[in-house]
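Okay, structure first, notes after.
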Amino acid sequence: MNKIINTITIILLLAFPLMAQEKGENKDIYEVSYVLHTVQKDQTLWRIASIHYKKGNLSEIIANFNDIKDVTDIEIGTDLKIPQLEFYRVQKDDTLESISEKFFKSKDNVEYITRFNKISGSGTLKIGQKLNIPVLVRKKVAEVEEAEKEEEATEILKDLKKKEEKQKNEIKVDKVESEQETLSEIPEEEKIEEPDVSIKEEVKPDIDTRIIKQESEKDKPQIKDLETVKTEVKSENTITEPEIKGAQKEVDIETEPEIKQENIENTEEPELGIVKNPKPIGKDVKNIISEMPKGKTLAQQRIEGYLKESEIAPTLAEHGFENVSVASEGDFISITYENRIYRHETKAIEEVLNISAPFIDKQKNILIIPQNRGIPLVSVIKSTVSPPLYTIASKNKSNSPGFTASIETHTESMKKYGNPKLNSPAFMLDITIEPQFKAHFGSHRESIATQFNLAPTADLNLWKGMSILGQMIIPIQNEFGEEDDYWRPGILAANQILRLPFKTFVSTTAGYFTENRYGIDMEIRKYFFNGSLYLGADGGYTGYASYFKGNWQWEDVDLLTGTANAGFRLSPFDLVLTAKYGKYLEADTGWRFEMLRQFGELDLGFFAIKTDIGFNGGFTISIPLFPPRYIPTGPIRFGPSKNFSWEYRYRRTTKEAIEYKTGNSIDNFIEHLNPAYVENQLKDYQ
């Protein structure tokens with residue numbers, strides 16, 4: 001009986017694998033198709049994604065597919081699996097199931113689409129959304145199991161080889177120890193006078209010790225170098241006290257009024273000492289006023305030829321201001337100009353007043369209208385009587401003389417009575433050097449990763465509101481990847497800005513932007529409550545483009561992005577609160593909130609981001625650069641950029657609310673000339 005049972009058992013055991021195999025051969029499964037890529041020297045995931053997908057921003061897919069936790073820690077020689085992808089743009093009435101049916105001939109493979117696009121199982125699709133569709137390979141269960149068995153067998157063989165080598169090493173050690181024991185048992189007189197084997201074997205641990213010591217000492221310079229890098233980075237961003245004193249000394253010397261001895265020619269009345277038609281420049285006019293005869297009003301002296309309002313425009317132009325025009329109407333004299341000689345716009349307003357005041361009757365109010373590219377920005381009124389005249393320019397209810405500013409430009413008097421503009425900026429080329437800095441702290445591989453570039457920028461003015469901007473990025477120091485180690489173009493764009501009625505600005509830009517995007521962008525903004533509140537929107541239609549080692553790579557323009565935004569200023573504190581909602585470069589949708597405080601020329605802000613792919617936050621800072629005044633040099637002007645700007649994100653591996661920059665935002669165009677900010681900056685002006 002037992003023999004019969006054993007026979008039946010053996011037959012079943014032999015038949016079961018055959019049945020399972022026959023059943024498995026009739027069943028198919030899917031696997032994501034991939035190719036292997038061996039990591040070479042200096043290759044990053046971004047560069048690898050650019051090689052295989054022509055898009056560096058798909059590096060996260062490679063990281064997830066290979067279960068890489070730290071994207072900065074990839075060893076040379078590592079074999080990465082690069083999943084094969086197709087790209088699909090969502091059409092009307094598309095669903096995850098219909099797309100799965102279209103690509104995989106089955107509605108059951110939705111999980112592959114959601115896995116490669118960060119979409120939840122019940123996620124909704126948007127028309128125009130770009131999806132990454134993995135290429136699937138159909139395999140039979142038996143083939144997959146066989147491959148798994150082969151992989152397991154390979155691992156087992158590797159383990160066996162390691163164990164075998166370990167046993168061989170142990171046998172060698174035992175053999176040496178036994179020889180040492182045998183030698184110790186031989187009498188002294190029978191020992192051969194040869195180098196003692198035990199001594200040789202004792203030297204071996206010493207050599208190993210030295211090697212270990214050398215290897216440990218090799219690590220020390222690396223740690224020292226890292227500390228040196230930290231010190232260097234810190235020193236680059238720290239201004240020493242002597243430098244501060246030196247800079248302050250230079251500023252004091254520069255702002256000191258120069259005293260020039262003018263040749264004074266006497267008129268027919270030498271006893272009065274009246275001077276005919278002087279041409280004072282800058283603050284020198286104060287010295288001339290001190291020499292003027294007593295007992296006569298400015299109006300009387302102007303009639304006699306001492307001071308003339310007509311000399312204001314030539315004097316400002318000679319000082320270096322552009323697009324200068326002056327108009328006189330009743331109790332007001334209006335002065336409009338464009339500033340490219342002072343870093344800060346409120347400093348330019350002060351200098352215009354210093355130069356113009358001696359030519360103007362003290363009973364007149366002065367209207368200052370700064371421009372940019374020939375477009376008036378704001379109106380600044382210095383009122384000389386109480387209560388201030390021309391109150392339409394501001395909602396300021398003060399009844400004392402002083403400054404008021406308005407988002408209105410009040411150019412009516414300029415159109416009626418203004419003289420022709422002097423010193424036109426048309427076809428003037430400005431070449432500036434902009435420093436660029438990027439850093440990230442707290443990586444598993446490095447405590448800090450930094451990048452420093454210089455970006456020479458050429459800006460050519462053509463006509464009113466129109467400019468062409470070209471930029472080249474020169475790497476100085478880089479720890480962020482191979483793609484940033486080479487000279488490459490920065491922003492290459494043409495921009496037209498218009499000022500429309502009802503305090504509305506429109507900016508349109510076409511060209512190549514940051515974040516490897518090219519196309520067209522438009523921004524619109526309308527101001528309310530004298531600039532204390534604004535509402536705006538921006539949108540772009542762009543495509544991917546990159547430049548690497550002399551080669552351009554690009555795709556069709558296919559991505560539509562846009563946001564709506566609003567900002568509110570707390571005037572007493574120069575604090576600006578902004579909110580933005582819209583669709584960004586990673587096709588994610590969400591919010592960005594920011595709080596920005598202006599400390600004179602220094603801007604410091606903090607922001608938080610929340611979109612449907614995650615959360616992030618960080619800070620922004622804008623620091624003015626030396627010098628505060630530039631020297632006019634003719635049609636081609638050289639100098640540093642006005643400020644250094646930096647945005648730091650807490651998480652650098654995520655891509656929430658990424659936006660390109662065109663170099664022509666309305667914020668930058670207006671240049672710190674919000675009416676409330678101007679009033680705060682000029683309140684101590686005498």
Side-chain angles (χ1 to χ4, degrees), residues 46-47 56 232-233 236-237 239 340 343-344 372-373 428-440 449-461 467-495 507 509-519 521 540 542 544-554 585 601-603 618-628 630 633 636-649 652 658-669 671-672:
W46 184 278
R47 178 60 185 152
E232 291 175 355
V233 172
E236 288 177 1
N237 292 278
I239 301 174
R340 278 187 181 80
R343 182 183 63 202
H344 197 31
N372 192 357
R373 297 190 212 164
M428 294 284 192
L429 181 64
D430 290 290
I431 299 178
T432 59
I433 306 296
E434 176 186 348
Q436 296 180 343
F437 178 71
K438 183 165 65 172
H440 196 270
T450 59
Q451 180 184 106
F452 180 71
N453 303 319
L454 289 179
T457 303
D459 191 357
L460 176 65
N461 287 335
S467 78
I468 297 177
L469 186 147
Q471 186 180 68
M472 177 64 71
I473 298 176
I474 303 174
I476 304 299
Q477 178 267 339
N478 174 48
E479 296 174 344
F480 274 79
E482 183 185 16
E483 63 275 3
D484 291 341
D485 281 339
Y486 300 91
W487 287 43
R488 57 196 183 276
I491 298 172
L492 307 171
N495 173 259
S507 174
T509 310
Y512 178 67
F513 313 138
T514 63
E515 302 298 331
N516 296 323
R517 308 303 297 182
Y518 79 99
D521 178 87
T542 62
Y544 174 84
S546 67
Y547 181 87
F548 183 70
K549 291 185 177 181
N551 296 317
W552 279 98
Q553 296 177 349
W554 66 86
L585 287 182
E601 295 183 67
L602 173 69
D603 294 351
F619 66 86
T620 61
I621 188 169
S622 179
I623 303 171
L625 298 179
F626 186 83
Y630 313 119
T633 57
I636 301 178
R637 296 168 289 198
F638 298 88
S641 61
K642 290 185 176 181
N643 51 59
F644 160 69
S645 299
W646 179 34
E647 176 178 295
Y648 179 80
R649 290 188 171 216
R652 71 166 174 175
I658 297 294
E659 297 179 276
Y660 56 77
K661 295 181 180 179
T662 66
N664 291 282
S665 70
I666 293 176
D667 263 337
N668 291 338
F669 181 77
E671 291 188 338
H672 284 81

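Separating the OH atom in Tyr518 from the OG1 atom in Thr542 is a distance of 9.0 Å, to the nearest 0.5 Å. Ile476 CD1 to Gln451 CD: the interatomic distance, rounded to the nearest 0.5 Å, is 10.5 Å. One distance of note links NE2 of His672 with NZ of Lys642; it measures 10.0 Å at 0.5 Å rounding. Distance check, rounded to the nearest 0.5 Å: CZ of Arg517 to OG of Ser546 gives 11.0 Å. Atom NZ of Lys661 is separated from atom CD1 of Ile491 by 8.5 Å, given to the nearest 0.5 angstrom.
Residues passing the side-chain hydrogen bond (donor to acceptor under 3.5 Å, both in side chains) test with Thr432: none are found, sequence neighbours excluded. Residues passing the side-chain hydrogen bond (donor to acceptor under 3.5 Å, both in side chains) test with Thr509, sequence neighbours excluded: Asn495. Taking Phe548 as the reference, Tyr486 meet the ring pair (Phe, Tyr, Trp, His ring centres under 6.0 Å) condition, with sequence neighbours excluded. Under the rule for a salt bridge (charged side-chain N to carboxylate O under 4.0 Å, His left out), Glu434 has no partner lying at least two apart in sequence or in another chain. Residues that satisfy the side-chain hydrogen bond (donor to acceptor under 3.5 Å, both in side chains) test with Arg637, not counting sequence neighbours, are Glu322, Asp430. Residues satisfying the ring pair (Phe, Tyr, Trp, His ring centres under 6.0 Å) test with Phe638, not counting sequence neighbours, are none. Under the rule for a ring pair (Phe, Tyr, Trp, His ring centres under 6.0 Å), Phe480 has no partner lying at least two apart in sequence or in another chain. A search for side-chain contact (heavy atoms from CB on, under 4.5 Å) contacts involving Ala494 returns Met466, Ile468, not counting sequence neighbours. The ring pair (Phe, Tyr, Trp, His ring centres under 6.0 Å) test applied to Trp554 returns no partner, not counting sequence neighbours. With sequence neighbours excluded, no residue forms a side-chain hydrogen bond (donor to acceptor under 3.5 Å, both in side chains) with Thr514. Shown here are the side-chain contact (heavy atoms from CB on, under 4.5 Å) partners of Ile623, two or more places apart in sequence or in another chain: Leu602, Ile621, Phe644. Glu515 pairs by the salt bridge (charged side-chain N to carboxylate O under 4.0 Å, His left out) definition with nothing, not counting sequence neighbours.
Residues Glu647 and Arg649 are paired through a salt bridge, judged by an N-O separation under 4.0 Å between the basic side chain and the carboxylate.
Within the 4.5 Å cutoff, no side-chain heavy atoms of Pro640 are placed close to those of Phe626. Within the 4.5 Å cutoff, no side-chain heavy atoms of Leu469 are placed close to those of Leu492.
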Checklist entry - For Tyr660 and Asp521, what are the C-alpha separation, side-chain angles and deciding distance, and is it a side-chain hydrogen bond (donor to acceptor under 3.5 Å, both in side chains)? => result CA-CA 10 Å; Tyr660 56 77; Asp521 178 87; 2.8 Å; yes
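Shown here for Pro475 and Asn453, the closest heavy-atom pair between the two residues is CA-OD1, 3.3 Å.
Using modelled atom types and a 3.5 Å distance limit, the side chains of Gln471 and Thr457 yield a donor-acceptor pair.
Heavy-atom neighbours of Trp552 CH2 from other residues, nucleotides or ligands within 6.0 Å: above the threshold of 12.
Checked against a 6.0 Å centroid threshold, the rings of Tyr648 and Phe619 count as neighbours.
Panel note: side chain Arg343, backbone Leu625; a donor-acceptor pair is recorded below 3.5 Å.
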